[in-house]
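Per chain, numbering begins at 1; letters A, B, ... match sequence-line order. Excluded from the calculations below are hydrogen atoms, water molecules and symmetry mates; all remaining heavy atoms, backbone and side chain alike, are included.
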There are 2 protein chains.
Amino acid sequence: MSGPTRSPTLADVADAAGVSLSTASLAFSGNKPVSDATRQRVLGAAESLGYTGPNPLARNLRQGRSGVVGIAVGQLSTAFRDPAALPMLDAVSEVLGAAGLGLLLMGDEDDHARLPLDAVIYDICGRETWAAYDAFVARGIPLVVVEGPTWPGTTFVDIDHRGGSAALARHLHDLGHRRVAVLTLEPSHPQRQREAGLRDVFPDAVVIGACASDHGAAQQLASDWFDSSPDATVLVCQSDVQAAAVVVEARRRGLSVPGDLSVAGFDGVPTPWLDLELTTIAQPLGDKGRAVARAALARIEGDDVEDVLLPVTLRVGSSTGPA
Amino acid sequence: MSGPTRSPTLADVADAAGVSLSTASLAFSGNKPVSDATRQRVLGAAESLGYTGPNPLARNLRQGRSGVVGIAVGQLSTAFRDPAALPMLDAVSEVLGAAGLGLLLMGDEDDHARLPLDAVIYDICGRETWAAYDAFVARGIPLVVVEGPTWPGTTFVDIDHRGGSAALARHLHDLGHRRVAVLTLEPSHPQRQREAGLRDVFPDAVVIGACASDHGAAQQLASDWFDSSPDATVLVCQSDVQAAAVVVEARRRGLSVPGDLSVAGFDGVPTPWLDLELTTIAQPLGDKGRAVARAALARIEGDDVEDVLLPVTLRVGSSTGPA
DNA sequence: TTGTAAGCGTTATCAC
DNA sequence: GTGATAACGCTTACAA
């Protein structure tokens, strides 16, 4: 019965098993063949010593890797409020997890300089978040940016915001719409691209306001807009959450969608509380996440990686109709 | 001009600055006083060598800490689909971030054995997630469990599910309700406690089904229930997401809430797409997150930590009325 | 298949 | 206030 002693190390296990340190290491890692007999002896010794496997910290230093990838998402609460964020996060986590890597959430406020990160993913985040950017580049940490403006030395994964928006605009034009209003996102790379796509078809589209992809904010903007007796026949939103909020507000005022007003969104997420299907641009959220994760993995391996541009799909629902 | 050389270490910086390794270390960490002059010399040398600060991996090994806390949340996509999850995650992240620690998302599927974690938080997750539990205990990693069944050697943070549900039940009883139906969560610690609280007042409450806190699933269950011509005057749900779905379905069928049916929820999250305020049990999500994070920090420091039980508040809205 | 030895880049202890 | 030196616990050439 000894006192509270330090936890056993691989060296202790090796001693107990009567083998060398390197052999014990191999018994655990399997990086080189070890005879069955000795492996059993090592594992047995580990078991009886209460050794739970190689210390990750030591391994990390030795291998120069932490096995952790950071993901910057701006403010957590707002970042995940939009359901479009989740399938992508899920896919990222799945691919990284399968490769044995963990995913670390990075808030805007935090100081990440001391965190052991093998790569960092920037997911649709605003200017503030870019602050730490240069520091990571200086540390030589691979960066993967989702839906951000291009930047040298970084891998980019994006969707065809502009093409998708233009396709939607053509659909609306075909339906006879000519007076188009837009509810945009706050200034960002996606916002600019999506607006540009819309203007490819409707150069005179009127922006009625900008807000986050948040139900409350969008409904308020819609309410103000309805109060102004607008003459547009369609309101194009830059997210489904916004579009759903507009539909709710229209209904609240006794307006019919799409009878009195057509409404369109962006993303292609479920809105089960609406009894109509939004017309929207569906983006491949899972594919996007997988592309991001794969890019991060490749960059960690030191491989060169091509930027990725994913296609989107116009999904015509029942929230748009003839002008 | 040399070829692609290894990145500079603290030893290189010390040499360049003409000081010892230990002094250079202190210049960065500030753990002991260093004269201003030498500090400047060290930082200058670092600057010109392109040294970006002490290698986190090395520091981690030396200090026996990774600066990373894991949080197990089951399936990511489902875990964050309920808006109640976010304010808590936000609070956890904020407190840990302020202490310089990162938060790592742990999916159910992944193998976390090789991740360098200083502590692990278990957030309302099912049995499956508990699989890795014993491994962490064996590794001596502090565990903090949110809304889970107690388990030796672990710190618990919970809310008063039972008391809250009982308070709601009394409110309903006061309104004259006697025939009570329940839409529960899938079997879990919170589910059992909340149901127990309800039965403290209504022992004969009828469970009409169980599902995740997901709009689509709850609406489907509600739909089936309405089809069965129920005679209950109130439907108590175990989350606001469920309750909102029930309200939507009731409306869709031309039923008035609370005229034809009273509906109650749990959590106290905003449901802006409803034009009524849910009667619900509001839980202090931010407080819960902060308590969890503080417990994790204390456990990492080796301190003893008391379990935490947070109070909840009955918030009477317009979704409940006289029987 | 197994053993020897050299680091990985820090921080902490101790003396000066 | 500064400097030498010993860990931290492991992986991986290289040798046997």
Side-chain angles (χ1 to χ4, degrees), chain A residues 5-43 45-46 49-67 100 113-118 139-141, chain B residues 5-43 45-46 49-67 100 113-118 139-141:
Chain A
T5 164
R6 64 162 180 58
S7 48
T9 72
L10 192 52
D12 299 329
V13 174
D15 282 355
V19 301
S20 76
L21 179 54
S22 54
T23 302
S25 175
L26 294 177
F28 276 98
S29 70
N31 283 353
K32 285 198 172 180
V34 171
S35 83
D36 246 38
T38 42
R39 176 188 289 96
Q40 295 310 337
R41 214 134 39 82
V42 171
L43 297 182
L49 285 178
Y51 180 76
T52 52
N55 180 330
L57 264 28
R59 198 222 323 269
N60 288 348
L61 172 59
R62 180 59 232 237
Q63 307 194 331
R65 300 211 176 152
S66 64
R114 312 171 79 95
L115 289 176
L117 300 176
D118 289 346
R139 281 167 66 188
I141 296 182
Chain B
T5 163
R6 64 162 178 59
S7 48
T9 73
L10 192 52
D12 300 329
V13 174
D15 283 356
V19 302
S20 76
L21 178 56
S22 43
T23 302
S25 176
L26 294 176
F28 276 98
S29 71
N31 282 354
K32 285 196 171 180
V34 172
S35 84
D36 247 37
T38 43
R39 179 190 285 94
Q40 295 309 336
R41 214 136 39 81
V42 172
L43 297 183
L49 286 179
Y51 179 77
T52 52
N55 180 330
L57 264 26
R59 196 216 329 264
N60 287 349
L61 172 58
R62 181 59 235 232
Q63 311 198 99
R65 299 211 176 153
S66 65
R114 313 172 78 96
L115 288 176
L117 300 175
D118 289 346
R139 282 167 67 188
I141 296 181

Worksheet entry | Closest-nucleotide 5' rank along DNA chain D - winner of B/Ser22 and B/Arg114 | B/Ser22

Discussion item. What I'd like to find out is whether the side chain of B/Thr9 reaches to under 4.5 Å of the side chain of B/Asn55, using heavy atoms alone.
Written reply: no

Discussion item. Any donor-acceptor pair under 3.5 Å linking the side-chain atoms of A/Ser25 with those of A/Ser22?
Written reply: no

Discussion item. At 4.0 Å (heavy atoms only), tell me whether A/Ser29 reaches a base, stays on the sugar-phosphate, or touches nothing.
Written reply: nothing

Worksheet item: Taking C-beta and beyond as the side chain, do A/Leu10 and A/Tyr51 meet within less than 4.5 Å on heavy atoms?
Response: yes

Worksheet entry | Close side-chain approach of A/Asn60 to B/Pro116, heavy-atom, < 4.5 Å | yes

Fill in: Spacing between A/Arg41 atom CZ and C/dT2 atom P, to the nearest angstrom
8 Å

Worksheet item: Hey, is the side chain of A/Ser35 pairing donor to acceptor with the base of C/dT2 inside 3.5 Å?
Response: no

Fill in: Comparing A/Pro8 and B/Val34 on DNA chain D - which has the more 5′ nearest nucleotide
B/Val34

Worksheet item: Hey, what bend do you get for the helix from C/dT1-D/dA16 to C/dC16-D/dG1 if you fit axes on five pairs at each end, rounded to 10°?
Response: 30°

Worksheet entry | Nucleotide interval of DNA chain D bounded by contacts with chain B (heavy-atom cut-off, under 4.0 Å) | D/dG1 to D/dG9

Discussion item. Regarding A/Tyr51, tell me which of base, sugar-phosphate or nothing describes its non-hydrogen contacts under 4.0 Å with the strands shown.
Written reply: sugar-phosphate

Item to complete: Round to the nearest Å and state the distance from A/Gln63 atom CD to C/dG7 atom P.
Response: 18 Å

Item to complete: Would you mind classifying the nucleic acid contact of A/Leu21 as base, sugar-phosphate or nothing, using non-hydrogen atoms under 4.0 angstrom?
Response: base

Item to complete: Could you tell me the separation between the CZ atom of B/Arg6 and the P atom of C/dG9, rounded to a whole number of Å?
Response: 7 Å

Practice prompt. Quick one: label A/Thr9 by what it contacts on the DNA or RNA (base, sugar-phosphate, nothing), any heavy atom closer than 4.0 Å.
Written response: sugar-phosphate

Worksheet item: Does B/Arg62 make a side-chain donor-acceptor contact with the base of C/dT11, cut-off 3.5 Å?
Response: yes

Item to complete: Round to a whole Å and report the spacing from CG of A/Leu57 to C1' of C/dC8.
Response: 13 Å

Discussion item. Nearest whole Å is fine: how far is C/dC8 C1' from B/Asp12 CG?
Written reply: 13 Å

Fill in: Rounded interatomic separation in angstrom, taking CG from A/Leu26 and P from C/dG3
10 Å

Fill in: Rounded distance [0.5 Å steps], CG in B/Leu21 versus CG in B/Asp15
9.0 Å

Practice prompt. Would you mind classifying the nucleic acid contact of A/Asn60 as base, sugar-phosphate or nothing, using non-hydrogen atoms under 4.0 angstrom?
Written response: nothing

Worksheet entry | Donor-acceptor contact present, side-chain B/Asp118 to main-chain B/Arg65, <3.5 Å | no

Discussion item. When you measure from the side chain of A/Arg139 to the backbone of A/Ala113, do you find a donor-acceptor pair of N or O atoms at a distance under 3.5 Å?
Written reply: yes

Worksheet item: Heavy-atom distance under 4.5 Å between the side chains of A/Pro54 and A/Arg62, does that happen here?
Response: no

Discussion item. Output the rounded distance in Å from CG (B/Asn55) to C1' (C/dG7).
Written reply: 14 Å

Discussion item. Can you tell whether the side chains of B/Arg41 and B/Asp36 come within less than 4.0 Å, N to carboxylate O?
Written reply: no

Fill in: Any side-chain donor near an acceptor of the partner, B/Ser20 and B/Thr23, under 3.5 Å
yes

Worksheet entry | Length of the line joining B/Asp15:CG and C/dT10:P, which is rounded to integer Å | 12 Å

